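Working notes for the structure below.
None of the values given here were measured: they were computed from a predicted structure. Any value given below was found using the heavy atoms of this structure, including those in side chains, with hydrogens, waters and symmetry copies removed.
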Amino acid sequence: MAPKKKTSVQKKATTPKSQPKPAATTTNAASKKNLKRRAVEQEEEEESDKEDFGNVAIDMGSSEEEDNVSDDEGDDMTEAFPEISLSDDEEDDVDFEADSEELEEGEEDEEEEDEYMAGDSLDEADLDEELERELEREKNEDEDEDEFKMPAPYRERYAEERLPEIEGNYDSDSSTEETENTIGNVPLEWYNDLPHIGYDIDGKKILKPATGDELDKFLATMEDPDSWKTVKSEVEGKDVILDDRELDIIQRLQRGIIPDSTYNPYEPTVEWFTSKTETMPLSARPEPKSRFVPSKWEAKKIMKIVRAIRQGRIVPRKPKDEKPRFYNLWGDEDKPREDHIMHIAAPKMKLPEHDESYNPPAEYLPDEDEVKQWNELDEEDRPKNYIPKKFSSLRHVPAYDKFVQERFHRCLDLYLAPRVRKNRLNIDPESLVPKLPSPKDLRPFPTHQSISYVGHTGRIRALSVHPNGLYAVSGSDDNTCRLWEVLTGRCLTMWKFDGIIHALGWCPNPDVWLFAVSVGHGEVHLISPPKLCSAEQAMNTDQFTKAGFAMPKEDGKQAVTWVRASEADEEKYGFKVRIQHTQVVKQVTWHRKGDYLATVSPDAKNLAVLIHQVSKHQTQTPFKRLKGLVQKVAFHPIKPIFFVATQIYVRVYDLMQQQLVKTLQTSVKWVSSIDIHPGGDNVIIGSYDKKVCWFDLDLSSRPYKSLRYHEKAVRQVSFHKRYPLFASSSDDGTIQIFYGMVYNDLLQNPLIVPVKILRSESTKDGLGVLNIEFHPTQPWLFSSDARGNFSLWT
């Protein structure tokens, strides 16, 4: 087709240009002919794509076009082949969609047209009209034959339905979404500090769009009518306006219905499997061979059963054991039961005794007092649940009134009483007790009372021993404070006050001859006993206590008042300074250097704990707000650490850094006393719920050992300053002496051994030994009790 077409075109090119031709008819005929020729040439190009004819040059221009170009433009330039413009006219579409037969006929007509004269315009027009009518008729016939007529209901249902395009390379997932950013599913926080938000498909950075402040966003929402359906894409960093389809999906999701608007959940059911029996099978597949061959697995199972029957493990047609319908619950079992390792027979009922007879002997009958005593006892405490009675004959015996109750309790015993065989371990109890050293190997420790210091008539609440161990001072409820010589028991000095003595404490500084005493309602006196110290000690004491009066006083409200004693009291009784508190002072304790004095007033709230510097007459309030009711305080023997014991906690504070270091969980209800080991790493506390707890500060905040040897409240605990001893006193009138060795090796736990119990008749009005303190240098112990006894145990 292509070479033939080329020849015809070249023949037309040789047509002389000087022939005249009518303008109107020639132009119309030429345009129609060109349209048909282009359709034929288009079909020839498609065929030529399938066949390779080499490099064939085809002149797509016609002789008439060349004439028109030469006449109109007057130059030798050839016009390019124009593009075919498809109109909406159905007739033109029919012309372009002609089949191959029509194209061949058009080609023959085209060859015939070459023979026509240029001036024969009438014949060309008639031929074109006839050709168009014939093509349109054949086209309509083909459509009537080939088109499938869809029923009217289906045309209405599927007329406007557009099925989505299918992509052959991807599944229906989020990977088909077209996004400019190609970073994938990675956290967007990675790009927070970068100027770009990702990369496009070419690997170029996608810069972040400029973001306005909240005011710009508000103005944009006011000016933009589409702001209500605008969302921000986090991946691309820009705003996206939702279309109507996406808004419809969102609204459907909010209403809880199916997002797809074209989905019909109420379509008629297609009964693929019905109850109608088919005469012909659904499948013509022949039966498999395995249905006609005996199964080897079934043969194995059958042989297994046969083997069990031969061995006697399975007995065919074995007669069933007929179980009895009723059981005798009270008597022996009908047949011997198979022995089981956990079977225990039900307990037998107790056989009747002589007093249960209807005519018992006279010695079994109770008298009136025994009957009255039996009636006064509770049912659980009665030895027997009946009273023996005597009847003259058996027919006079009434029905037993507790028959139903006894049967019921017997059933409960059989039904609920646990009967389990338990294997007892034959273990010697003494082997479970830890092996402790003998107390004889742990001497010395106090064992007996040596000296009793007689003179007080009331309870002795407070006592204190001088650091050199030669003198001791005691305070009692008889409003007196006495100074004793330890070795002889002689009373050296006595002070009479207006109130009871609550607390005492010798100053630990050996260069100063001074002790503090708490009297009555908040008075703390610093007393230097006259005529018992050297002149140097007296001068140091006088200078130590009075130097603070010469210093300027700080402005502001003071927690306490420092008052100078009168000269008469100072010469006669040795009074130096009086510190006036707002509430009763229950404890007085000194710092190891002897300059600081701590007092405890449990009722003073925020001023419950005060620390006084005697040399400067200054008072500090270390706690602005206290948690709990303070019971006792203590200074660490080495470090600047302060222990505050409340009812259930012991808080450890660092005085240099002014912060809480540790809180000890005492596990007791009420702490009564506290003492620190001379090494500083162990603490013991006593409590009113009979416990003594040992804490290892390096180990834990919970007690290392809880000792419960007392029967009543523990009043005081105390460590010895040199020996590995500590003691506790209680209201039960006893003093427990313990051996408590603390090793330098941190991996070895302290050794705690109770060695001695010191007893004395010291209880009065529910109170016992109120206070104890060890001698500074000797393994001796001082104690004071509620009866007014002040004793030395050695």
Side-chain angles (χ1 to χ4, degrees), residues 80-90 92-93 96 150 152-269 624-625 627 657-660:
F81 185 73
E83 295 181 357
I84 299 174
S85 61
L86 299 179
S87 64
D88 294 335
D89 191 6
E90 293 181 356
D92 296 341
D93 294 341
F96 289 126
M150 185 181 292
Y154 286 93
R155 284 202 303 272
E156 294 176 1
R157 170 70 177 84
Y158 297 101
E160 299 299 328
E161 184 174 3
R162 296 279 183 175
L163 296 178
E165 295 183 1
I166 299 175
E167 297 188 19
N169 296 332
Y170 297 98
D171 294 333
S172 305
D173 58 2
S174 61
S175 64
T176 61
E177 298 177 2
E178 294 183 1
T179 56
E180 184 181 358
N181 199 350
T182 60
I183 58 173
N185 188 16
V186 300
L188 295 178
E189 291 82 1
W190 295 355
Y191 293 91
N192 285 345
D193 300 332
L194 300 176
H196 59 283
I197 199 171
Y199 302 89
D200 58 7
I201 197 170
D202 296 328
K204 297 179 180 179
K205 295 181 180 178
I206 301 176
L207 298 179
K208 292 181 181 177
T211 56
D213 55 4
E214 295 298 327
L215 181 60
D216 295 338
K217 293 180 182 178
F218 175 73
L219 294 177
T221 55
M222 299 297 293
E223 297 172 358
D224 187 7
D226 295 333
S227 62
W228 65 275
K229 56 180 179 180
T230 303
V231 296
K232 183 177 180 180
S233 174
E234 297 292 342
V235 177
E236 298 184 7
K238 61 183 181 181
D239 295 338
V240 179
I241 300 177
L242 302 178
D243 54 14
D244 295 339
R245 182 179 61 85
E246 293 169 340
L247 291 174
D248 181 58
I249 292 175
I250 294 174
Q251 292 173 357
R252 285 174 170 272
L253 289 174
Q254 290 176 343
R255 285 183 287 167
I257 59 179
I258 299 171
D260 189 4
S261 59
T262 61
Y263 177 76
N264 182 17
Y266 307 107
E267 291 184 354
T269 305
K624 292 183 179 179
R625 185 171 57 90
K627 298 179 181 178
Q657 299 181 358
Q658 299 182 3
Q659 65 182 6
L660 179 65

For a 4.5 angstrom cut-off between non-hydrogen side-chain atoms, does Ile206 reach Ile183? no
Would the number of heavy atoms belonging to other residues, nucleotides or ligands and lying under 6.0 Å from CG of Asp213 be above 12? yes
Work out which heavy atom in Tyr199 is nearest to a heavy atom in Asn181; give both atom names and the distance. N-OD1, 3.2 Å
Can you measure from CD1 (Ile241) to CD (Glu246) and round to the nearest 0.5 angstrom? 11.0 Å
Could you report the tightest heavy-atom contact between Ser227 and Ala220, atom names first, then the distance? CB-O, 4.4 Å
Step through the shown structure and confirm whether more than 12 heavy atoms of other residues, nucleotides or ligands are within 6.0 Å of CD1 on Ile201. no
Donor-acceptor check, side chain of Asp239 to backbone of Thr230, threshold 3.5 angstrom: yes or no? no
Residues pairing under salt bridge (charged side-chain N to carboxylate O under 4.0 Å, His left out) where one sits in residues 250-260, two or more places apart or in two chains, turn out to be Asp248-Arg252
If I take atom CG from residue Asp224 and atom NZ from residue Lys217, how far apart are they, to the nearest 0.5 angstrom? 14.5 Å
How close do Tyr263 and Pro265 get, heavy atom to heavy atom, and via which atoms? O-CD, 3.5 Å
Could you give the distance from CE (Met222) to CG (Leu219), rounded to the nearest 0.5 Å? 8.5 Å
Return the CH2 to CD1 distance between Trp190 and Ile197, rounded to the nearest 0.5 Å. 14.5 Å
If you count the non-hydrogen atoms of other residues, nucleotides and ligands that lie under 6.0 Å from CD in Gln659, is the total more than 12? yes
Please list all pairs meeting salt bridge (charged side-chain N to carboxylate O under 4.0 Å, His left out) that have one or both residues in residues 189-209, counting only residues at least two apart or in different chains. none
Please confirm whether the backbone N or O of Lys238 pairs with a side-chain atom of Ser233, one donor and one acceptor, at under 3.5 Å? no
